[in-house]
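Heads up: the structure comes next, in C-alpha coordinates.
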Amino acid sequence: VSAAPERDPALAGGRLTVNLDALADNWRLLRDRSSPAECAAAVKANGYGLGIGPVVQSLWDAGCKTFFVALADEGLQVRSLLPQADIYVLNGLFTGAADDLAQADLRPVLGSVDEVYEWAAFCKKRDETLAAAVHMDTGMNRLGLSAKETDQLTRRPDLLRPFTPTLLMSHLACADDPSHPLNERQLAAFNALKTDFPDMPASLANSAGILTRSDWYFDMVRPGIALYGGEAVAGSPNPMAPVATLESRIIQVRNVAVGETVGYGATQTLQRDSRIALLSCGYADGYHRLASSNDPNPGAVAWLDGHIVPLVGRVSMDLIAVDVTDLPDGLATRGAWVELFGANIAVDDVAKQAGTIGYELLTGLGSRLSRRYITSAEAS
Ligand SMILES: *Cc1c(COP(=O)(O)O)cnc(C)c1O
(Lines give C-alpha, C1' and ligand atoms only; values in the text may rest on other atoms or scores of the structure.)
Protein backbone atom coordinates (compact mmCIF):
# COMPACT_ATOMS: atom_id res chain seq x y z
CA VAL A 1 0.00 0.00 0.00
CA SER A 2 1.46 3.33 -0.91
CA ALA A 3 1.15 6.20 1.57
CA ALA A 4 2.36 9.16 -0.49
CA PRO A 5 3.58 9.95 -3.99
CA GLU A 6 6.45 7.60 -4.70
CA ARG A 7 9.87 9.22 -4.48
CA ASP A 8 12.92 7.80 -6.18
CA PRO A 9 14.99 6.74 -3.15
CA ALA A 10 18.19 7.29 -5.10
CA LEU A 11 17.30 10.97 -5.44
CA ALA A 12 15.98 11.56 -1.93
CA GLY A 13 17.72 13.94 0.47
CA GLY A 14 15.89 12.49 3.44
CA ARG A 15 14.25 9.16 4.03
CA LEU A 16 11.79 7.86 6.55
CA THR A 17 11.93 4.17 7.39
CA VAL A 18 8.99 2.61 9.21
CA ASN A 19 9.47 -0.76 10.90
CA LEU A 20 6.02 -2.35 10.66
CA ASP A 21 7.02 -5.34 12.84
CA ALA A 22 8.00 -2.95 15.63
CA LEU A 23 4.61 -1.24 15.24
CA ALA A 24 2.79 -4.58 15.55
CA ASP A 25 4.98 -5.59 18.52
CA ASN A 26 4.12 -2.33 20.26
CA TRP A 27 0.41 -2.94 19.69
CA ARG A 28 0.71 -6.49 21.12
CA LEU A 29 2.59 -5.20 24.16
CA LEU A 30 -0.18 -2.66 24.89
CA ARG A 31 -2.88 -5.27 24.19
CA ASP A 32 -1.30 -7.69 26.68
CA ARG A 33 -0.85 -4.94 29.23
CA SER A 34 -4.48 -3.80 29.05
CA SER A 35 -6.13 -7.21 28.59
CA PRO A 36 -8.99 -8.12 28.95
CA ALA A 37 -9.86 -4.62 27.68
CA GLU A 38 -9.92 -4.37 23.90
CA CYS A 39 -6.87 -2.59 22.46
CA ALA A 40 -7.85 -0.21 19.65
CA ALA A 41 -5.48 2.13 17.77
CA ALA A 42 -5.46 5.88 17.16
CA VAL A 43 -4.34 6.31 13.54
CA LYS A 44 -5.34 9.94 12.96
CA ALA A 45 -3.14 12.38 11.04
CA ASN A 46 -1.92 9.80 8.55
CA GLY A 47 -1.05 7.25 11.23
CA TYR A 48 0.87 9.87 13.25
CA GLY A 49 2.68 10.84 10.06
CA LEU A 50 3.97 7.37 9.24
CA GLY A 51 1.50 6.47 6.46
CA ILE A 52 -2.07 5.44 7.20
CA GLY A 53 -2.22 2.56 4.68
CA PRO A 54 0.73 0.46 5.85
CA VAL A 55 0.02 1.36 9.48
CA VAL A 56 -3.59 0.18 9.59
CA GLN A 57 -2.87 -2.93 7.53
CA SER A 58 -0.11 -4.01 9.94
CA LEU A 59 -2.25 -3.32 12.99
CA TRP A 60 -5.18 -5.23 11.50
CA ASP A 61 -2.89 -8.18 10.71
CA ALA A 62 -1.70 -8.11 14.34
CA GLY A 63 -5.32 -8.38 15.50
CA CYS A 64 -6.48 -4.79 15.99
CA LYS A 65 -10.15 -4.41 15.10
CA THR A 66 -11.02 -0.84 16.14
CA PHE A 67 -9.48 2.35 14.77
CA PHE A 68 -9.80 5.99 15.78
CA VAL A 69 -9.29 8.76 13.23
CA ALA A 70 -9.87 12.50 13.67
CA LEU A 71 -11.78 13.14 10.43
CA ALA A 72 -14.35 11.27 8.38
CA ASP A 73 -12.04 11.82 5.43
CA GLU A 74 -9.36 9.78 7.22
CA GLY A 75 -12.01 7.22 8.08
CA LEU A 76 -12.75 6.73 4.38
CA GLN A 77 -9.09 5.90 3.77
CA VAL A 78 -9.14 3.29 6.53
CA ARG A 79 -12.48 1.89 5.30
CA SER A 80 -11.11 1.40 1.77
CA LEU A 81 -8.40 -0.85 3.21
CA LEU A 82 -10.29 -2.55 6.03
CA PRO A 83 -13.89 -3.39 5.14
CA GLN A 84 -14.45 -5.20 8.46
CA ALA A 85 -12.95 -2.75 10.95
CA ASP A 86 -14.83 -0.59 13.46
CA ILE A 87 -13.84 2.99 12.68
CA TYR A 88 -14.56 5.89 15.04
CA VAL A 89 -14.31 9.53 13.97
CA LEU A 90 -13.04 11.52 16.99
CA ASN A 91 -13.87 15.00 15.74
CA GLY A 92 -17.45 13.86 15.56
CA LEU A 93 -20.33 14.63 13.27
CA PHE A 94 -19.75 17.63 11.04
CA THR A 95 -22.99 19.39 10.09
CA GLY A 96 -24.62 17.60 7.21
CA ALA A 97 -22.01 14.80 7.12
CA ALA A 98 -24.19 12.01 8.55
CA ASP A 99 -24.92 10.48 5.17
CA ASP A 100 -21.22 10.32 4.23
CA LEU A 101 -20.43 8.62 7.53
CA ALA A 102 -23.28 6.14 7.23
CA GLN A 103 -22.37 5.18 3.66
CA ALA A 104 -18.87 4.17 4.72
CA ASP A 105 -20.05 2.62 7.99
CA LEU A 106 -18.04 5.14 10.03
CA ARG A 107 -19.04 5.78 13.64
CA PRO A 108 -19.04 9.39 14.80
CA VAL A 109 -17.80 10.12 18.30
CA LEU A 110 -20.66 12.43 19.25
CA GLY A 111 -19.16 15.25 21.27
CA SER A 112 -22.08 17.61 21.99
CA VAL A 113 -25.86 17.32 22.41
CA ASP A 114 -26.26 18.97 19.01
CA GLU A 115 -24.39 16.05 17.47
CA VAL A 116 -26.43 13.55 19.49
CA TYR A 117 -29.68 15.13 18.22
CA GLU A 118 -28.44 15.26 14.63
CA TRP A 119 -27.31 11.61 14.60
CA ALA A 120 -30.52 10.49 16.32
CA ALA A 121 -32.68 12.38 13.81
CA PHE A 122 -30.70 10.97 10.90
CA CYS A 123 -31.08 7.42 12.21
CA LYS A 124 -34.82 7.91 12.74
CA LYS A 125 -35.24 9.18 9.20
CA ARG A 126 -33.34 6.21 7.81
CA ASP A 127 -35.07 3.88 10.23
CA GLU A 128 -31.71 2.33 11.10
CA THR A 129 -30.05 2.23 14.53
CA LEU A 130 -26.53 3.12 13.39
CA ALA A 131 -23.58 2.89 15.77
CA ALA A 132 -21.94 5.89 17.40
CA ALA A 133 -19.77 6.66 20.42
CA VAL A 134 -20.84 9.29 22.93
CA HIS A 135 -18.01 11.43 24.26
CA MET A 136 -18.59 12.83 27.75
CA ASP A 137 -16.31 15.53 29.08
CA THR A 138 -14.87 14.71 32.51
CA GLY A 139 -12.78 17.83 33.01
CA MET A 140 -10.66 18.42 29.92
CA ASN A 141 -13.11 20.94 28.45
CA ARG A 142 -12.16 20.16 24.90
CA LEU A 143 -14.67 17.89 23.15
CA GLY A 144 -17.45 15.94 24.85
CA LEU A 145 -20.83 16.60 26.44
CA SER A 146 -20.60 18.86 29.47
CA ALA A 147 -21.83 17.65 32.86
CA LYS A 148 -25.04 19.63 32.27
CA GLU A 149 -25.60 18.10 28.85
CA THR A 150 -24.87 14.67 30.29
CA ASP A 151 -27.58 15.20 32.94
CA GLN A 152 -30.00 15.94 30.12
CA LEU A 153 -29.21 12.56 28.58
CA THR A 154 -29.51 10.77 31.94
CA ARG A 155 -33.01 12.16 32.37
CA ARG A 156 -33.98 11.46 28.76
CA PRO A 157 -32.41 8.11 27.80
CA ASP A 158 -34.91 7.98 24.92
CA LEU A 159 -32.65 10.52 23.16
CA LEU A 160 -30.10 7.75 22.68
CA ARG A 161 -32.62 5.18 21.55
CA PRO A 162 -32.74 6.00 17.82
CA PHE A 163 -29.11 4.87 17.43
CA THR A 164 -26.80 2.26 18.91
CA PRO A 165 -24.41 3.82 21.44
CA THR A 166 -21.48 1.42 21.14
CA LEU A 167 -18.99 3.32 23.29
CA LEU A 168 -19.05 5.66 26.28
CA MET A 169 -15.88 7.65 25.85
CA SER A 170 -13.93 10.32 27.70
CA HIS A 171 -10.38 11.63 27.33
CA LEU A 172 -7.70 12.28 29.95
CA ALA A 173 -6.03 15.69 30.03
CA CYS A 174 -3.02 14.80 32.22
CA ALA A 175 -2.40 11.06 31.91
CA ASP A 176 1.26 11.82 31.14
CA ASP A 177 1.61 13.37 34.61
CA PRO A 178 0.53 10.62 37.05
CA SER A 179 0.56 12.92 40.09
CA HIS A 180 -1.73 15.55 38.56
CA PRO A 181 -4.91 16.00 40.68
CA LEU A 182 -7.14 16.23 37.59
CA ASN A 183 -6.54 12.50 36.97
CA GLU A 184 -8.44 11.51 40.13
CA ARG A 185 -11.29 13.89 39.34
CA GLN A 186 -11.64 12.58 35.79
CA LEU A 187 -11.65 8.97 36.98
CA ALA A 188 -14.34 9.69 39.58
CA ALA A 189 -16.47 11.54 37.02
CA PHE A 190 -16.09 8.71 34.51
CA ASN A 191 -17.03 6.05 37.06
CA ALA A 192 -20.17 8.05 37.86
CA LEU A 193 -21.04 8.16 34.15
CA LYS A 194 -20.59 4.42 33.91
CA THR A 195 -23.20 4.03 36.63
CA ASP A 196 -25.59 6.27 34.68
CA PHE A 197 -25.02 4.42 31.40
CA PRO A 198 -24.30 0.86 32.51
CA ASP A 199 -24.99 -0.76 29.15
CA MET A 200 -22.40 1.12 27.09
CA PRO A 201 -18.85 -0.27 26.82
CA ALA A 202 -16.50 2.35 28.25
CA SER A 203 -13.16 3.77 27.10
CA LEU A 204 -10.91 6.32 28.80
CA ALA A 205 -7.19 5.60 28.38
CA ASN A 206 -4.75 6.86 25.74
CA SER A 207 -1.11 5.64 25.62
CA ALA A 208 -0.06 7.41 28.80
CA GLY A 209 -3.17 6.09 30.55
CA ILE A 210 -2.30 2.50 29.59
CA LEU A 211 1.30 2.83 30.75
CA THR A 212 0.50 4.39 34.11
CA ARG A 213 -2.75 3.03 35.64
CA SER A 214 -4.77 -0.14 35.20
CA ASP A 215 -7.96 1.34 36.71
CA TRP A 216 -8.25 3.45 33.54
CA TYR A 217 -8.57 0.45 31.18
CA PHE A 218 -12.36 -0.16 31.33
CA ASP A 219 -13.58 -2.00 28.19
CA MET A 220 -11.34 -0.46 25.55
CA VAL A 221 -8.05 1.45 25.43
CA ARG A 222 -7.04 3.87 22.65
CA PRO A 223 -3.25 4.09 22.29
CA GLY A 224 -1.70 6.35 19.67
CA ILE A 225 1.82 7.66 20.24
CA ALA A 226 3.10 4.55 22.05
CA LEU A 227 2.27 2.39 19.02
CA TYR A 228 4.64 4.52 16.97
CA GLY A 229 7.45 4.27 19.54
CA GLY A 230 6.98 7.79 20.90
CA GLU A 231 7.27 8.70 24.55
CA ALA A 232 3.86 8.82 26.24
CA VAL A 233 5.02 9.56 29.78
CA ALA A 234 7.81 12.12 30.03
CA GLY A 235 10.55 11.43 32.54
CA SER A 236 10.11 7.67 32.75
CA PRO A 237 11.87 5.05 30.58
CA ASN A 238 10.03 4.49 27.29
CA PRO A 239 9.12 0.77 27.03
CA MET A 240 8.13 0.96 23.35
CA ALA A 241 10.26 -0.15 20.39
CA PRO A 242 11.28 2.62 17.99
CA VAL A 243 9.22 2.45 14.79
CA ALA A 244 10.26 5.48 12.73
CA THR A 245 13.76 6.39 11.56
CA LEU A 246 14.55 9.67 9.82
CA GLU A 247 17.84 9.81 7.96
CA SER A 248 19.51 12.28 5.67
CA ARG A 249 22.39 11.88 3.25
CA ILE A 250 25.66 13.75 3.51
CA ILE A 251 26.12 15.82 0.35
CA GLN A 252 29.44 17.41 1.26
CA VAL A 253 32.04 17.57 4.00
CA ARG A 254 34.10 20.73 4.49
CA ASN A 255 36.81 22.06 6.78
CA VAL A 256 35.91 25.21 8.70
CA ALA A 257 38.49 27.09 10.78
CA VAL A 258 38.25 27.98 14.47
CA GLY A 259 36.42 31.28 14.97
CA GLU A 260 34.25 30.86 11.85
CA THR A 261 30.48 30.32 11.85
CA VAL A 262 28.19 28.00 9.85
CA GLY A 263 24.88 28.91 8.21
CA TYR A 264 22.22 31.61 8.56
CA GLY A 265 22.53 34.15 11.33
CA ALA A 266 26.07 33.01 12.21
CA THR A 267 24.58 31.72 15.46
CA GLN A 268 27.44 29.49 16.59
CA THR A 269 31.18 30.18 16.52
CA LEU A 270 33.44 27.16 16.11
CA GLN A 271 35.76 26.61 19.08
CA ARG A 272 38.27 24.57 17.06
CA ASP A 273 39.16 23.73 13.48
CA SER A 274 36.25 21.51 12.46
CA ARG A 275 34.96 19.14 9.84
CA ILE A 276 31.35 19.93 8.98
CA ALA A 277 29.01 17.58 7.08
CA LEU A 278 26.04 19.05 5.22
CA LEU A 279 22.89 16.95 5.22
CA SER A 280 20.27 17.29 2.50
CA CYS A 281 17.27 17.70 4.78
CA GLY A 282 15.79 20.64 6.66
CA TYR A 283 12.75 22.20 8.21
CA ALA A 284 10.86 21.76 4.93
CA ASP A 285 11.06 18.03 5.67
CA GLY A 286 9.60 18.50 9.14
CA TYR A 287 12.85 18.66 11.12
CA HIS A 288 12.21 21.60 13.44
CA ARG A 289 14.26 24.78 13.08
CA LEU A 290 13.99 25.25 16.84
CA ALA A 291 16.33 22.24 17.24
CA SER A 292 19.15 24.46 15.85
CA SER A 293 22.42 25.01 17.68
CA ASN A 294 23.13 28.55 18.91
CA ASP A 295 25.74 29.99 21.26
CA PRO A 296 25.48 29.31 24.17
CA ASN A 297 22.74 26.68 23.69
CA PRO A 298 23.74 23.54 21.84
CA GLY A 299 20.96 22.05 19.69
CA ALA A 300 19.92 18.51 18.85
CA VAL A 301 22.33 15.74 17.91
CA ALA A 302 22.37 13.17 15.13
CA TRP A 303 24.08 9.81 14.82
CA LEU A 304 26.42 8.18 12.32
CA ASP A 305 27.66 4.63 12.68
CA GLY A 306 28.02 4.56 16.45
CA HIS A 307 28.98 8.22 16.85
CA ILE A 308 27.00 11.21 18.08
CA VAL A 309 27.28 14.14 15.69
CA PRO A 310 25.98 17.48 17.08
CA LEU A 311 24.13 20.00 14.94
CA VAL A 312 26.10 23.15 14.12
CA GLY A 313 24.31 26.48 13.59
CA ARG A 314 20.78 26.84 12.26
CA VAL A 315 18.63 24.24 10.59
CA SER A 316 17.70 25.73 7.22
CA MET A 317 14.93 24.80 4.81
CA ASP A 318 16.85 22.11 2.93
CA LEU A 319 20.09 21.67 4.88
CA ILE A 320 21.41 20.73 8.31
CA ALA A 321 25.09 21.00 9.31
CA VAL A 322 26.62 18.53 11.76
CA ASP A 323 30.06 18.38 13.37
CA VAL A 324 31.98 15.26 12.30
CA THR A 325 35.43 16.40 13.49
CA ASP A 326 35.80 13.56 15.99
CA LEU A 327 34.77 10.73 13.66
CA PRO A 328 37.33 8.21 12.36
CA ASP A 329 38.32 8.74 8.72
CA GLY A 330 36.02 7.23 6.14
CA LEU A 331 32.73 7.41 8.08
CA ALA A 332 31.46 10.86 7.28
CA THR A 333 31.67 10.71 3.52
CA ARG A 334 29.62 12.09 0.68
CA GLY A 335 26.58 9.79 0.26
CA ALA A 336 26.61 8.38 3.81
CA TRP A 337 23.28 8.42 5.69
CA VAL A 338 23.00 10.13 9.06
CA GLU A 339 20.24 9.26 11.54
CA LEU A 340 18.31 12.34 12.70
CA PHE A 341 16.10 10.20 14.91
CA GLY A 342 15.38 6.49 15.25
CA ALA A 343 16.80 3.64 17.31
CA ASN A 344 19.84 5.67 18.45
CA ILE A 345 18.49 9.21 18.75
CA ALA A 346 15.03 9.28 20.35
CA VAL A 347 12.51 11.33 18.40
CA ASP A 348 11.43 12.80 21.73
CA ASP A 349 14.96 14.05 22.46
CA VAL A 350 14.96 15.98 19.18
CA ALA A 351 11.47 17.23 19.98
CA LYS A 352 12.58 18.41 23.44
CA GLN A 353 15.41 20.40 21.86
CA ALA A 354 12.78 22.08 19.70
CA GLY A 355 10.51 22.78 22.68
CA THR A 356 7.85 20.35 21.48
CA ILE A 357 6.79 16.69 21.67
CA GLY A 358 7.45 13.66 19.49
CA TYR A 359 3.83 13.75 18.28
CA GLU A 360 4.41 17.05 16.52
CA LEU A 361 7.67 15.96 14.93
CA LEU A 362 6.15 12.73 13.56
CA THR A 363 2.91 14.25 12.28
CA GLY A 364 4.83 17.10 10.63
CA LEU A 365 7.18 14.94 8.57
CA GLY A 366 7.34 16.36 5.06
CA SER A 367 6.02 15.01 1.79
CA ARG A 368 9.49 15.37 0.22
CA LEU A 369 10.93 12.46 2.20
CA SER A 370 11.19 9.09 0.55
CA ARG A 371 9.37 6.52 2.65
CA ARG A 372 10.02 2.83 3.02
CA TYR A 373 8.38 0.13 5.08
CA ILE A 374 10.47 -2.70 6.48
CA THR A 375 10.31 -5.71 8.80
CA SER A 376 12.46 -6.21 11.91
CA ALA A 377 14.69 -8.64 9.99
CA GLU A 378 15.43 -5.92 7.46
CA ALA A 379 16.14 -3.45 10.27
CA SER A 380 19.02 -5.39 11.79
C1 LIG B 1 -5.25 11.10 19.93
C2 LIG B 1 -6.18 10.51 20.89
C3 LIG B 1 -5.85 9.31 21.52
C4 LIG B 1 -4.48 8.69 21.44
O5 LIG B 1 -3.61 9.48 22.26
P6 LIG B 1 -2.07 9.13 22.49
O7 LIG B 1 -1.63 10.12 23.51
O8 LIG B 1 -1.40 9.35 21.17
O9 LIG B 1 -2.00 7.74 22.93
C10 LIG B 1 -6.83 8.71 22.31
N11 LIG B 1 -8.04 9.29 22.48
C12 LIG B 1 -8.36 10.48 21.91
C13 LIG B 1 -9.70 11.07 22.15
C14 LIG B 1 -7.44 11.14 21.11
O15 LIG B 1 -7.74 12.32 20.58
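Counting starts at 1 for both ligands and their atoms, following the listed order. These numbers come from a predicted model, not from an experiment.
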Carboxylate-amine/guanidinium proximity below 4.0 Å for D329 and R275 = no
Quick one: CG on L145 to CE on M136, what's the gap to the nearest 0.5 Å?
-> 6.0 Å
Parallel under 30°, tilted from 30 to 60°, perpendicular over 60°: which one fits the rings of Y48 and Y359?
-> tilted
Considering residues at least two apart in sequence or located in another chain, which fulfil the side-chain contact (heavy atoms from CB on, under 4.5 Å) criterion with T212?
-> P178, W216, V233
Can any side-chain N or O of E378 pair as donor or acceptor with the backbone N or O of T375 at less than 3.5 Å?
-> yes
List, ordered by chain and residue number, the protein residues whose closest non-hydrogen atom lies under 4.0 Å from any atom of ligand 1.
-> A42, K44, Y48, L90, R142, M169, H171, N206, S207, R222, P223, G224, I225, Y359
Verdict with reasoning, E231 to K352, per salt bridge (charged side-chain N to carboxylate O under 4.0 Å, His left out) = CA-CA 11 Å; E231 180 184 270; K352 264 167 228 162; 3.5 Å; yes
